[in-house]
Protein chains: 2
Amino acid sequence: MTQAARTRPAPIPDAANEDLREAGDAPSPMDQGDAAEAPSYDLIELLFFAYRDFVADPDRILAEYGFGRAHHRVLHFVDRHPGLTIAELLDILRITKQSLNRVLKELIEQGYIAQRTGTSDRRHRLLTCTPDGRALAQRLAGVQGERVRRALAEAGPALRDPASRFLLAMIEPEERPAVSRLIAGGGPDSKVKP
Amino acid sequence: MTQAARTRPAPIPDAANEDLREAGDAPSPMDQGDAAEAPSYDLIELLFFAYRDFVADPDRILAEYGFGRAHHRVLHFVDRHPGLTIAELLDILRITKQSLNRVLKELIEQGYIAQRTGTSDRRHRLLTCTPDGRALAQRLAGVQGERVRRALAEAGPALRDPASRFLLAMIEPEERPAVSRLIAGGGPDSKVKP
DNA sequence: CATTTATGTCAGTCTTGTTGACATATCTCA
DNA sequence: TGAGATATGTCAACAAGACTGACATAAATG
């Protein structure tokens, strides 16, 4: 078998072994000056685990194509916002143009993304998905959407709005308007938002 | 200036340029067989942006120490669960022991994490934070906790519970009990959970 | 005592991020 | 028109952090 994370009989350890008790045994309240509030370890760790599983689904599919997460992100945002320029993509992904270029080039060469020259500004490269690219992007969004759908079905559809609001509030305040616009602009009405 | 993501005057592009309209202009409903439900693009993208900002805070601090995210994760879980063994850590992080070993070795060499041999099973290596490691772990948890605190303060403290439940539901079903136990076992009562 | 388990380690590869330096085409403004 | 700014492309080198495969050791277990 592979050496990845051992045999992994049980997913996550119980952390309930004899030895564990003899250890320093967990972070007590600590010397928090006075008013210091303890961090929300539960939400911090839930975010970690939720995200870990959230990206695991696409990873499996991407591997079939020889792509990685970087390709996924590019494909996703181009699919959602056809006509996106390089600069806009860079601002969304927060990577260097060299990093972007490597994966973008692969996606273009392999026929998942197409480039056109902007008409009003011919320096721009307008990115769109080819039918293949669109299909892959939607397959990826499909598995992620399915996880969200299942989560809401199990934990209650009423959680949809609170979850959205919490996640938005977790975003850097100055970015929130832009993110909101970006998300809102994904629908059939697109990003026409002057 | 650096070449990272251009000058970035505005954080995220408006995606509202002339050219964008001439583009294919956004994924319409599409030919979803019939009952196919559209993925929750809003939650999918919010999770992406929220996580991006969520890890950006620690990243800045870690850079001061010459550490990366991998070190953070190890330090975090060892701090929260002193006495953790290598195998348990591997199951939490889902990486190979070779990957873990590289960062763990650095953390040990530089005096942030200590190892002891298990008493009941002397094959185990029980990991704990040194005072320095504990300080760093808590500084990192501090900035992440502060983001959570601020989010809840701004969007409403009532969101805490729904957000938790949503995130837990996003986790792979078989993992949820283990994650719940792990999270619950982080307090002063530790993971004593037989 | 043979086997399994927990850990450590060497060596090589891949993806994805980084810097720095330049090149080219196009737009904008004086 | 011509200078400078802007959008993009590209070369080269490097680093972090993941992976695989192979093998070594110590300790527990039946």
Side-chain angles (χ1 to χ4, degrees), chain A residues 1-10 13 17-19 52 55-56 58-60 62-63 65-74 83-91 93-109 115-127, chain B residues 1-10 13 17-19 52 55-56 58-59 62-63 65-74 84-91 93-109 115-127:
Chain A
M1 66 161 286
T2 158
Q3 275 194 29
R6 313 176 321 167
T7 319
R8 189 182 304 153
N17 304 334
E18 358 65 33
D19 283 318
R52 183 192 67 177
V55 293
D59 280 355
R60 282 184 278 269
L62 290 159
Y65 294 76
F67 289 148
R69 273 180 217 176
H71 301 86
H72 181 193
R73 294 192 281 261
V74 170
L84 216 54
T85 67
I86 303 291
E88 289 167 338
L89 206 39
L90 287 176
D91 270 344
L93 302 177
R94 298 287 172 77
I95 58 178
T96 57
K97 66 177 172 180
Q98 294 92 331
S99 281
L100 172 57
N101 223 271
R102 195 175 15 207
V103 296
L104 183 55
K105 205 190 296 185
E106 290 171 0
L107 287 166
I108 291 172
E109 280 168 0
Q115 267 186 338
R116 288 168 310 124
T117 297
T119 51
S120 73
D121 186 335
R122 296 172 42 76
R123 291 172 302 180
H124 287 156
R125 297 290 170 272
L126 310 187
L127 305 171
Chain B
M1 65 161 282
T2 159
Q3 275 194 30
R6 311 178 321 169
T7 318
R8 188 183 304 155
N17 304 334
E18 358 65 35
D19 283 316
R52 184 192 67 176
V55 294
D59 280 355
L62 290 158
Y65 295 75
F67 290 147
R69 272 179 218 179
H71 302 87
H72 181 193
R73 294 193 281 261
V74 171
L84 217 54
T85 67
I86 303 291
E88 289 168 337
L89 205 39
L90 288 176
D91 271 343
L93 302 178
R94 297 290 170 77
I95 58 177
T96 57
K97 65 177 173 180
Q98 294 92 329
S99 282
L100 171 58
N101 222 272
R102 185 161 10 108
V103 295
L104 183 55
K105 206 191 296 188
E106 290 171 359
L107 286 167
I108 291 172
E109 280 168 0
Q115 266 185 337
R116 287 168 311 124
T117 298
T119 51
S120 73
D121 186 335
R122 295 174 42 76
R123 289 173 303 180
H124 288 156
R125 297 289 171 274
L126 310 187
L127 305 171

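Order of the sequence lines sets the chain letters (A, B, ...), proteins ahead of strands, with each chain counted from 1.
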Check against side chain to side chain contact (heavy atoms under 4.5 Å, CB included), Thr117(B) and Arg125(B): CA-CA 5 Å; Thr117(B) 298; Arg125(B) 297 289 171 274; 4.1 Å; yes
Short side-chain N/O contact from Thr96(A) to OP1 or OP2 of dT18(C), under 4.0 Å: yes
Closest approach of Gly83(A) to Glu88(A) (non-hydrogen atoms, all atoms of both residues): O-OE1, 4.4 Å
Gap separating the CG atom of Leu84(A) from the CG atom of Leu126(A), nearest 0.5 angstrom: 9.0 Å
Straight-line distance of Gln115(A) CD to Ile108(A) CD1, nearest 0.5 Å: 3.5 Å
Between dA6(C) (C1') and Lys97(B) (NZ): distance, integer Å: 8 Å
Candidate nucleotides dC11(D), dT7(C), dT8(D), ranked by approach to the side chain of Arg125(B) - the nearest: dT7(C)
Nearest-0.5 Å distance, CG of residue Asn101(A) to CD of residue Glu106(A): 10.5 Å
Nearest heavy-atom neighbours spanning Leu90(B) and Ile95(B): CD2-O, 3.5 Å
Nearest-nucleotide 5' precedence on DNA chain C, Ile86(B) against Arg73(A): Ile86(B)
Sugar-phosphate, base or nothing in reach of Glu106(B), heavy atoms under 4.0 Å: nothing
Between dT9(C) (C1') and Leu100(B) (CG): distance, integer Å: 13 Å
Closest listed nucleotide, where the reference is the side chain of Asn101(A) and the choices are dT10(D), dT8(D), dC27(C): dT10(D)
Non-neighbouring partners of Arg73(B) that pass side-chain contact (heavy atoms from CB on, under 4.5 Å), sequence neighbours left out: Phe48(A), Arg69(B), Ala70(B), Leu93(B)
Spacing of Glu109(A) atom CD and Leu104(A) atom CG [to the nearest 0.5 Å]: 10.0 Å
Contact under 4.0 Å: Ser99(B) side-chain N or O vs dG17(D) OP1/OP2: no
OP1 or OP2 of dG9(D) under 4.0 Å from side-chain N/O of Gln115(A): yes
Between dA7(D) (P) and Arg116(A) (CZ): distance, integer Å: 18 Å
N/O contacts under 3.5 Å, protein versus nucleotides 11-15 of chain C?
none

Backbone N/O of Ser120(B) and side chain of Arg122(B): donor-acceptor pair under 3.5 Å: no
Spacing of Leu107(A) atom CG relative to dG9(D) atom P, expressed in whole Å: 13 Å
Distance-only donor-acceptor test, Arg123(B) side-chain atoms vs dT7(C) base atoms, 3.5 Å: no
Whole angstrom value for the distance that separates P of dT20(D) from CD1 of Ile95(B): 12 Å
Gap between atoms CG and P, on Leu89(A) and dG17(C) respectively (whole Å): 11 Å
Rounded (10°) bend between the five-pair end axes of the helix from dC1(C)-dG30(D) to dA30(C)-dT1(D): 30°
Single hit among Ile86(B), Leu107(B), Thr85(B) for side-chain contact (heavy atoms from CB on, under 4.5 Å) with Leu127(B): Ile86(B)
Protein-nucleotide distance (Asp59(A), atom CG; dA18(D), atom C1'), rounded to Å: 11 Å
Whole-Å distance separating the NZ atom of Lys105(B) from the C1' atom of dG8(C): 8 Å
